[in-house]
Amino acid sequence: PKELSRPFPGFGSVMRTSWTDPNASYVVHRTGPNLHHYQNDFNEIVFFAKGAPLCQDFGNVYTGGHGESWDHNRVSFHLGDYQTEKYGNWYDTKLGELVDFRTLPRTADYSYGVSYGHGSQRDHRHVLFVKSNDSLGANYVVMRDITEDGEVNQHFYWNLWCMSKEPVINGNSVHFPGQFDVDLDVHLLSPANPQFVRDHWNWQDNRPPWGKFTEEQYCVRVHKEGSM
């Protein structure tokens with residue numbers, strides 16, 4: 001189809017550089033309100049660059065679960081063992097919605113979504129996907145997250161997972177050496193002096209009759225208290 005990027009009601013938006021180029025890049029901005037078999041992934045992004053997976057949802061469903069919001073590329077409102085009798089063990093977000101979408105098909109796409117927490121907190125995520133004319137050139141994903149407290153001093157966690165080798169942190173920048181010969185450089189402009197915390201997932205198992213399966217991802221996470 002001629003249309004490269006578009007919103008999908010109930011799901012979010014998909015922004016891509018090509019349908020046919022094996023080195024194509026695309027960004028998925030997954031933001032509800034549909035839930036059903038989805039996990040707690042409102043306002044998440046998935047990013048493939050130059051035909052290789054970089055930031056994506058976990059593929060393994062056999063152990064670990066990974067339904068939690070902090071195991072997705074999004075701003076989560078809790079971290080760790082969050083559980084209430086009312087909401088269960090990982091539903092820290094009750095809803096998400098796609099607010100706006102714009103596209104300049106060969107140049108840039110824009111997607112804006114909101115996720116809502118059970119504590120009345122919100123994350124407004126603006127995603128700009130800037131495309132290169134060269135499929136092996138640099139593509140840029142620019143994100144702006146604006147958070148709102150529902151109560152005083154609520155917690156917010158910015159999470160980014162990547163299928164990479166161990167990342168290198170230098171000030172406000174992180175270099176993810178990709179597992180598939182495509183790297184990712186991340187530059188965080190706000191807060192000005194972020195305190196990155198690493199996370200790591202390395203799953204290995206044998207699943208007859210298919211054989212050995214592995215999945216390894218690294219994460220950097222930034223925490224803040226309050227929306228200001």
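Residues: numbered from 1 along the sequence shown. Worth knowing before you read on, the calculation uses all heavy atoms, side chains too, and leaves out hydrogens, waters and symmetry mates.
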Next on the checklist: Run T31 and Y112 through side-chain contact (heavy atoms from CB on, under 4.5 Å) and show every step you take.
Outcome noted: CA-CA 9 Å; T31 180; Y112 164 33; over 6 Å; no

Item to check | Verdict with reasoning, V14 to H29, per side-chain contact (heavy atoms from CB on, under 4.5 Å) | outcome: CA-CA 6 Å; V14 178; H29 183 198; over 6 Å; no

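Here CZ of R16 is found 8.0 Å from CG of L4. Values are rounded to the nearest 0.5 Å. Rounded to the nearest 0.5 angstrom, N159 CG and D199 CG are separated by 8.5 Å. Between the CH2 atom in W161 and the CD atom in Q217 there is a gap of 7.0 Å [rounded to 0.5 Å]. Interatomic distance, CE of M143 versus CZ of F47, reported as 10.0 Å (0.5 Å rounding). Here OH of Y26 is found 13.0 Å from OG of S18. Values are rounded to the nearest 0.5 Å. The CG atom of D41 sits 10.5 Å away from atom OG of S115, with the distance rounded to the nearest 0.5 Å.
For the pair D149 and R122, the salt-bridge criterion is not met [side-chain N within less than 4.0 Å of a carboxylate O]. We find that K165 and E216 are not joined by a salt bridge, their nearest charged nitrogen and carboxylate oxygen being 4.0 Å or further apart.
Nearest heavy atom pair, residue L184 against residue C162, reads CD2-SG, 4.2 Å. For P177 against E166, the heavy-atom pair with the smallest separation is CD-O, 3.6 Å.
The closest side-chain heavy-atom distance from L160 to C55 is below 4.5 Å. F156 is not listed as a side-chain neighbour of D123, based on a closest heavy-atom distance of 4.5 Å or more. In this structure, the side chains of V186 and F176 come closer than 4.5 Å at one or more pairs of heavy atoms.
For the side chain to side chain donor-acceptor pair (under 3.5 Å) test with D145, the passing option among H124, R125, R74 is R125; the others fail.
With Q56 contributing its side chain and P53 its backbone, the two residues share no donor-acceptor pair below 3.5 Å. In this structure, the side chain of Q179 engages the main chain of S164 through a donor-acceptor pair within 3.5 Å. Checking side-chain atoms of D109 against main-chain N and O of T103 turns up no donor-acceptor pair under 3.5 Å. Judged by distance alone, with hydrogens and angles left aside, the side-chain atoms of S132 form a donor-acceptor pair with the main-chain N or O of D134 at under 3.5 Å.
By the 30° and 60° cut-offs, the orientation of the rings of Y157 relative to H155 is parallel.
Surrounding CG of N133 are at most 12 heavy atoms belonging to other residues, nucleotides or ligands under 6.0 Å away. The 12-atom threshold is exceeded at CZ of R6, counting heavy atoms of other residues, nucleotides or ligands nearer than 6.0 Å.
A side-chain N or O of E97 and one of Y116 form a donor-acceptor pair less than 3.5 Å apart.
By the criterion of side-chain heavy atoms lying less than 4.5 angstrom apart, applied directly or through intervening Ile, Leu, Val, Met, Phe, Trp or Tyr residues, V182 is not grouped with M163; the two fall into different hydrophobic clusters.
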